[in-house]
Amino acid sequence: MTLIVWDVEKNVVRKARREDLYEAIYMITQLIPLGRVTSYKNISEILGVNPRLIGQALKNNDKPIIIPCHRVIASNGYLKNYSRGGIVVKKKLLVLEGVIVKGEKVSRKYFIDLKKILS
DNA sequence: ATTTGCTCAGCTC
DNA sequence: GAGCTGAGCAAAT
C-alpha cells in the first residue's frame, strides 16, 4: 500500500515522498463537485494507499481555502472529523451546499465515485 | 448504535 | 528499530 511514482529528474521509479502524496490527495479532493461527498476510502483506492493517510493529509492541509475537505467523509456516511471547526462546521458547510445531513450522517445518494470521474 | 479487530504511514524516543 | 497514534474500515453484535 504505497504510492509509487516515476521520478522524471532521476529517471527512476521510487516511493512517493510525503509532499508528493499530499499534493495528489489535495488535487483529487478538489475534483469533488459542489453538493456531493466522497469517502476517505474512495480517494485511498485511487492512490493505492491506506485510508488513514487521506485523513492525515487533509488535516495537515496548507491550503485550507481551496481544498474542500469538508466533502470527504467516512465510508459509512458519518461526517467524522474536521480540523477547522469540527463536525458542527463541517455539517454547516455541507448543508450550505445542498447536502442533507441527518444527525451526523449523509445519505448514500450524495456519494460520488471519483474513480468514475477519472475514467 | 456500539464494539472489536485489522491496518500502515508517520511520529517519537 | 520498537512502540504508539490516528480526519478509517468492515464485520459482528
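Keep in mind that the numbers below use all heavy atoms, side chains included, and drop hydrogens, waters and symmetry copies. Here is the naming used below: chain letters follow the sequence lines, and residue numbers restart at 1 for every chain.
Salt-bridge check for E23(A) with K63(A): passed, with a basic side-chain N closer than 4.0 Å to an acidic carboxylate O. Classification of K91(A) and E104(A) as a salt-bridged pair fails, no side-chain N sitting under 4.0 Å from a carboxylate O. Salt-bridge check for D20(A) with R14(A): passed, with a basic side-chain N closer than 4.0 Å to an acidic carboxylate O. Ion pairing between E97(A) and R71(A) holds under the 4.0 Å rule for side-chain N and carboxylate O.
Between Y78(A) and dA1(B) there is a side-chain polar atom (N or O) within less than 4.0 angstrom of OP1 or OP2. One finds a side-chain N or O of K80(A) lying less than 4.0 angstrom from the OP1 or OP2 phosphate oxygen of dG8(C). Between dC11(B) and R18(A), a contact under 4.0 Å exists linking OP1 or OP2 to a side-chain N or O.
For the pair R18(A) and Y22(A), the cation-pi test (distance below 6.0 Å, angle within 45°) is passed.
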Pairs under 3.5 angstrom, nitrogen or oxygen only, protein versus nucleotides 10-13 of chain C, please.
residue	atom	partner	partner atom	Å
dA10(C)	OP1	K41(A)	NZ	2.2
dA10(C)	OP2	S75(A)	OG	3.2

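Atom CD1 of I54(A) and atom C1' of dG10(B) are 14 Å apart (whole Å). For L58(A) and dG10(B), the CG to P distance is 14 Å, given to the nearest whole Å. Note: OH (Y40(A)) to P (dC6(B)) measures 24 Å, nearest angstrom. Atom-to-atom, NZ of K59(A) to P of dC11(B) comes out at 10 Å; the value is rounded to the nearest Å. Note: CD (E104(A)) to C1' (dA7(C)) measures 13 Å, nearest angstrom. Computed from coordinates, the N42(A) CG to dC9(C) C1' distance equals 14 Å when rounded to whole Å. Straight-line distance from the CG atom of L53(A) to the P atom of dA7(C): 12 Å, rounded to whole Å. At whole-Å resolution of the value, CD1 in I73(A) and P in dA7(C) are 17 Å apart.
Of all the residues in residues 93-102 of chain A, not one reaches under 4.0 Å from DNA chain C with any non-hydrogen atom.
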Going through the distances and angles, do V106(A) and Y78(A) end up as a side-chain contact (heavy atoms from CB on, under 4.5 Å)?
-> CA-CA 6 Å; V106(A) 175; Y78(A) 285 89; over 6 Å; no

Given the rule in the side-chain contact (heavy atoms from CB on, under 4.5 Å) test, do V49(A) and I54(A) qualify, once you have shown the distances and angles that lead to the verdict?
-> CA-CA 8 Å; V49(A) 298; I54(A) 312 301; 4.1 Å; yes

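Separating the CD1 atom in I28(A) from the CG atom in L118(A) is a distance of 6.5 Å, to the nearest 0.5 Å.
In terms of position along DNA chain B, the nucleotide closest to K105(A) lies nearer the 5' end than the nucleotide closest to the other residue of the pair N60(A) and K105(A).
Looking at the side chain of Y22(A), the nearest of the listed nucleotides dG10(B), dG8(C), dA7(C) is dG10(B). Picking from dT7(B), dC9(C), dA7(C) the nucleotide with the shortest atom distance to the side chain of N50(A) gives dT7(B). Closest approach to the N61(A) side chain among dT7(B), dA7(C), dA9(B) is made by dA7(C) (side chain taken as heavy atoms from C-beta onward).
Here the side chains of F111(A) and S39(A) are in contact, with some heavy-atom distance below 4.5 Å. Residues L94(A) and R36(A) have side chains not in contact (no heavy-atom distance under 4.5 Å, counting atoms from C-beta outward). No side-chain heavy atom of K102(A) sits under 4.5 Å from any side-chain heavy atom of S107(A). With a 4.5 Å cut-off on side-chain heavy atoms, K80(A) and I73(A) do not count as touching.
Scanning DNA chain B for stems, defined as runs of 3 or more consecutive Watson-Crick or G-U wobble pairs whose donor-acceptor distances all fall under 3.5 Å, gives the following ranges: B:1-6 with C:8-13, B:8-13 with C:1-6.
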